[in-house]
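Notes for the one structure printed next.
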Amino acid sequence: MQRTNFSELAACSIARTLDVIGEPWSPLILRDVWAGFSRFEQLQADLGISRKVLTERLNHLVDAGVLDRRPYDKRPRYEYVLTEKGTELVDMLMAMTRWGDKWLAGEAGPPVLYRHHACGEISRVELTCAHCGEPMHAGDVDLLPGPGAAR
């Protein structure tokens with residue numbers, strides 16, 4: 001099945017991001033690599049994904065510059081590691097996790113907790129303004145055309 005190339009739909013950073021991780025397996029693969037599952041067999045076992053789909057998704061994420069493929073055996077066999085670009089995508093996944101924890105976790109509560117290295121405390125992800133440090137939510141901003149906006 002042909003995937004829609006969202007990056008060509010408009011001058012939109014959300015569409016461009018969806019072109020990289022817009023199908024359901026990619027964010028889960030990134031989550032697993034971040035959590036320490038770096039080898040194909042580990043990813044396949046944890047996700048229960050077919051070898052074909054996992055191979056396609058890993059190739060796409062490597063081609064997009066989100067993951068690096070590194071040999072760990074002479075056969076060759078590879079492990080997958082997040083690039084800087086991939087690590088920043090995980091930041092976005094952490095924000096998605098906060099939403100899921102708030103609205104979908106139910107009485108059991110969140111399945112994962114985050115301990116912040118700097119202070120050692122269990123915390124949650126918060127969006128803050130890069131200039132003043134205040135909380136930043138959808139109702140707190142105006143959308144203005146940027147330099148890459150469509151004319």
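Quick note: numbers below take in every heavy atom, side chains included, and nothing from hydrogens, waters or symmetry partners. Positions are given from 1 along the sequence. Treat the numbers as computed from the prediction; the structure is a model and nothing was measured.
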Is it possible for you to check whether Arg70 lies under 6.0 Å from the centre of the six-membered ring of Tyr78, through NZ or CZ, and within 45° of that ring's axis?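 Geometry flag: not set, cation outside 6.0 Å or 45°.
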Taking a hydrophobic cluster as the set of Ile, Leu, Val, Met, Phe, Trp and Tyr residues connected by side-chain heavy atoms closer than 4.5 Å, whether directly or through intermediates, do Val81 and Val90 fall within one such cluster?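 No, Val81 does not connect to Val90 through the hydrophobic network.
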Quick check against the 3.5 Å criterion: does [X] have a side-chain atom that pairs as donor or acceptor with the backbone of [Y]?
X      : Y      : answer
His116 : Ile122 : no
Asn59  : Thr55  : yes
Glu121 : Ser123 : no
Thr83  : Val66  : yes
Gln44  : Phe40  : no
Glu88  : Lys85  : no

Is there a side-chain contact between [X] and [Y] (heavy atoms, below 4.5 Å)?
X     : Y     : result
Leu30 : Pro27 : no
Asp68 : Leu82 : no
Val62 : Tyr80 : yes
Ile21 : Met92 : yes
Asp46 : Arg31 : yes

[X] versus [Y], closest heavy-atom pair with distance:
X      : Y      : value
Ala11  : Ala149 : CB-C, 4.3 Å
Met94  : Tyr114 : CG-OH, 3.8 Å
Leu89  : Thr17  : CD2-CG2, 4.1 Å
Val33  : Leu67  : CG1-CD2, 4.0 Å
Met136 : Val141 : CG-CG1, 3.8 Å
Leu61  : Val20  : CD2-O, 4.0 Å

Any chance you could measure [X], atom [atom1], to [Y], atom [atom2], to the nearest 0.5 Å?
X     : Y     : atom1 : atom2 : result
Tyr72 : Arg77 : OH    : CZ    : 5.0 Å
Ser38 : Leu43 : OG    : CG    : 7.5 Å
Leu47 : Asp32 : CG    : CG    : 4.5 Å

Indicate yes or no: does Arg69 engage Asp63 in a salt bridge with an N to O separation below 4.0 Å. no
Just wondering, are more than 12 heavy atoms of other shown residues or ligands nearer than 6.0 Å to NE2 in His137?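 Atom NE2 in His137 is packed in, count exceeds 12.
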Quiz question: by atom type and distance under 3.5 Å, do the side chains of Ser26 and Glu23 form a donor-acceptor pair? yes
Show me the donor-acceptor pairs within less than 3.5 Å that the side chains of residues 96-110 make with the rest of the protein, sequence neighbours left out.
from	atom 1	to	atom 2	distance (Å)
Thr97	OG1	Leu93	O	2.9
Arg98	NH1	Glu126	OE1	3.4
Arg98	NH2	Glu126	OE2	3.3

